[in-house]
**Student:** 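One structure is given below, represented as structure tokens, and several questions about it will come after.
Bear in mind the structure is a predicted one, so any value in this text is a computation, not a measurement.
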Amino acid sequence: MSRSATSADVLAAGPRRSLRQLGDGAGELRIVATANGHFRWTLTTADGGMIAESPAEYRDAASCRQAFIQAQHAARTVLGR
């Protein structure tokens with residue numbers, strides 16, 4: 001969904017609904033460190049269902065969180081908000 005010099009593609013679980021949830025921040029955001037030292041973010045429902053996630057390519061938690069904010073903004077733009 002989103003790609004720029006500082007962010008990667010976002011994988012959304014279900015097109016319209018996931019975009020709306022991503023744009024609203026409706027879910028639980030997790031910043032996850034991977035075994036190779038990179039970070040990715042996930043946005044899940046209260047029961048653990050996947051809404052959207054990023055690839056694990058961020059070097060630190062702060063840039064990963066910023067990438068989530070950019071993806072959230074892109075979702076709002078796509079939905080016309």
Side-chain angles (χ1 to χ4, degrees):
M1 183 190 96
S2 170
R3 188 156 196 82
S4 72
T6 59
S7 67
D9 292 326
V10 173
L11 305 175
R16 188 86 175 164
R17 182 171 180 231
S18 291
L19 280 177
R20 189 174 61 249
Q21 289 173 305
L22 176 59
D24 293 343
E28 183 176 345
L29 174 64
R30 290 187 182 139
I31 305 297
V32 181
T34 63
N36 67 359
H38 289 94
F39 290 81
R40 70 181 174 98
W41 61 260
T42 63
L43 185 65
T44 58
T45 62
D47 64 358
M50 184 62 65
I51 296 170
E53 64 183 333
S54 74
E57 70 169 25
Y58 303 101
R59 298 282 180 191
D60 57 62
S63 62
C64 187
R65 185 172 302 280
Q66 184 61 38
F68 171 77
I69 292 168
Q70 291 172 349
Q72 192 175 37
H73 176 74
R76 289 178 185 150
T77 300
V78 167
L79 295 172
R81 297 193 217 164

**Student:** Indicate yes or no: at least one non-hydrogen side-chain atom of Ser54 is less than 4.5 angstrom from one of Tyr58.
**Tutor:** yes

**Student:** Test salt bridge (Lys or Arg N to Asp or Glu O under 4.0 Å) on Glu53 and Arg40 and set out the steps.
**Tutor:** CA-CA 7 Å; Glu53 64 183 333; Arg40 70 181 174 98; 2.9 Å; yes

**Student:** Do other residues, nucleotides or ligands put more than 12 heavy atoms under 6.0 Å from the CZ atom of Arg65?
**Tutor:** no

**Student:** Could you pull out the closest heavy-atom pair between Ala71 and Leu22, with the gap in Å?
**Tutor:** O-CD2, 3.9 Å

**Student:** Kindly indicate whether the side chain of Glu28, heavy atoms from C-beta on, has any atom under 4.5 Å from the side chain of Leu43.
**Tutor:** no

**Student:** How far does CG of Asp60 sit from NE2 of His38, to the nearest 0.5 angstrom?
**Tutor:** 10.5 Å

**Student:** Roughly how far apart are Thr77 OG1 and Gln72 CD, rounded to 0.5 Å?
**Tutor:** 11.0 Å

**Student:** Any non-hydrogen side-chain atom of His73 less than 4.5 Å from a side-chain atom of Ile69?
**Tutor:** no

**Student:** Within a strict 4.5 Å, meaning less than it, do heavy atoms of the Phe68 and Leu29 side chains meet?
**Tutor:** yes

**Student:** For residues Ile51 and Thr44, determine if any side-chain heavy atom of one lies less than 4.5 Å from a side-chain heavy atom of the other.
**Tutor:** no

**Student:** Distance check, rounded to the nearest 0.5 Å: Ser63 atom OG versus Glu57 atom CD?
**Tutor:** 9.0 Å

